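As the structure is a computational prediction, the values presented were derived from the model and not from experiment.
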Amino acid sequence: MKIIEVHVLVVGAGVTGLILSVALADHRVNALTIAKHPGTAPQPRAHITNQRAVEVLRDLGLEEAVKEVAVPLSQMNHNVLATSFAGRELYRYQAYGTGHRTADYHASSPCPPLNAPQHVLEPVLLDAARKRGADVRFSNELLEVAETENGVVARCRDVDTGEQYEVHARYVVGADGGRSRVAEQFGFEFEGQAGLRHMVNAWIETDLTQYTAHRPGVIYTLMQPGSDSPVGSGTFVCVRPWDDWMLVREYDPSTGDPDTSDEAITFAVRTLVGDDELAVRVKGISKWEVNQLVATTYRHGRAFIAGDAAHRHPPSGGLGSNTCIQDAWNLAWKLAFVTSGRAAEDLLDSYEQERQPVGADIVERAITNLMNQVPTIEALGLRRDQSTAEGWASLNQLTSDEDGAEERRERLRDALFLHNYRSNAQGVELGHRYTSGAVVDDGTPFPEYTRDPLLYYHPTTHPGGYLPHAWIEHERRQISTLDLAGHGRFCLIVGIGGEPWAEAAAEVSEELGVELPVYSVGYRCEYDDVVGDWARLREVSDRGALLVRPDRVIGWRAADRSESPAAELRAALHHILATGAKVVQSEKESAVTSQ
């Protein structure tokens, strides 16, 4: 049997696996990515790409390529609930950092959120991975995998030829989705519930410009009186304005499979739109379940799980692919530093320490977002057990001047506010704070939240926080502080009094073999804080320093000048990299040959 030897085997080539492939290739990690499917996602699926995920794409040099195939969410800024496209509109609100939230989103990141459906995003990632030398093989499935003394051995099969082969790797990453073979083989345990609801997607082509151009949006939820579904009669997700759509509907599996014939889908679309002559082309069908599951651990020895293999939840809030991207980005640099000998094995423990709590929070948030639809339905006076006539009577009373109608409208407004936690939750998207072995706590608490932490992002340079964005100027060019960090290496950000730190960084970098550029950011520094935004955000003095990890997370900081900057910086890097002393790899682990 043919044997392939690599540092890392990635199983799965969706968004998670492809981000890993790109990042590992950038780090020059010898990796193999396999996927049992014949190619990238054939249907849209995940589509909302939030600011933090776009920042990852920016770091990987892919932001502009993705923008070319995406639509800015500022151009699709409404979410709408109506009885039908042609019928009565029940509510509309501005989402994704537009309207009253525009200033918050612009101040927090250089990257706008995008509508980048999975079937157009994944080809961009695949192309980038292969151009950078990544080995990505579709129609190759994992049969079994087990840990050995020095790594893992996986038996795989080429689906097209039937040929089996072995992969010997130091680590395996399960990025293989909700039915993860890696999670199954290594016995990863999950908490929560599966199969809470059963849904069917219909990918359709139909021109709805006349119903949408005046209220451009991503999600149009249709709630027809007499519907027997608590999530509505159907939801239209805009894939491409305004003729490419995904219709999402609930079905009851106890009554059998839903009718997904072209005739049935066309009838449903015409009914929900309110146009019996509408031209409809069905392009694809898929079924899925609403799950509420998160892995209790993300690492078992030399095996890791990431993305949907680790957390499974509904798409409400657009948190799925965004969390997948950040899982991969967090894990990639740690695998790179360990396999190259710049960090010790224990650094990999921090992946679970940092990302598992995020996964648990995201699953809970997505389920809450889904359930937040219930108060709206109740305020509208719609129930599963009522007739169509009763439902319309309730809606008509809501728009009347009858006694009690004004109070009902107030309840509806209160219920509608909850939808901001689904589509304007910038704190959920940007505000994760890590506590792990790869962060050196400075003995101070994280700053208190001054506004709702779910709706609003609170930037901080406290260790474990994400480097805040501020516009600065370098050689007459405006750049973000985020552009200084990342790029696969640590960096040190100092101010006017930062020369001792710069000297220390040069000494420690050479000693540890860790790239550590230093950036002087401040009033008339090389990186000029021209309007003072960085001074308001940095939380350290001009003589302080911030050590930023490759994933732009603050790993350590010094509030002021130190009497022994080299010693402090050296200790901080040893702590983060879990070394404590120089890392020495065995010849057996470091000598990895290509195929």
Asn79/Tyr93 under side chain to side chain donor-acceptor pair (under 3.5 Å): CA gap, chis, key distance, verdict: CA-CA 6 Å; Asn79 282 348; Tyr93 70 95; 3.0 Å; yes

Aromatic contact, Trp534 with Tyr527 (centres under 6.0 Å): no

Distance-only side-chain donor-acceptor flag, Thr266 / Asp262, under 3.5 Å: no

Ring-face cation contact, Tyr456 with Arg451, 6.0 Å cut, 45° max: yes

Min side-chain heavy-atom separation Phe304-Val8 under 4.5 Å: no

CA sep, side-chain torsions, deciding dist, call: Asp104, Gln426, side chain to side chain donor-acceptor pair (under 3.5 Å): CA-CA 8 Å; Asp104 294 324; Gln426 196 186 30; over 6 Å; no

NZ/NE/NH1/NH2 to OD/OE distance under 4.0 Å, Arg476 and Glu473: no

Arg28/Asp26 ion pair, N-O < 4.0 Å: no

Salt-bridge contact Glu63-Lys67 (side-chain N to carboxylate O under 4.0 Å): yes

Chi angles and distances behind the side chain to side chain contact (heavy atoms under 4.5 Å, CB included) call for Thr221, Gln373: CA-CA 10 Å; Thr221 301; Gln373 183 122 319; 3.7 Å; yes

Ring pair (Phe, Tyr, Trp, His ring centres under 6.0 Å) evaluation trace for Tyr91 with His419: CA-CA 11 Å; Tyr91 74 75; His419 292 269; 5.4 Å; yes

Distance-minimising heavy-atom pair for Ala53 and Gln326: N-NE2, 4.4 Å

Option among Trp242, Phe85, Trp203, Tyr211 that satisfies the ring pair (Phe, Tyr, Trp, His ring centres under 6.0 Å) test with Phe236: Phe85

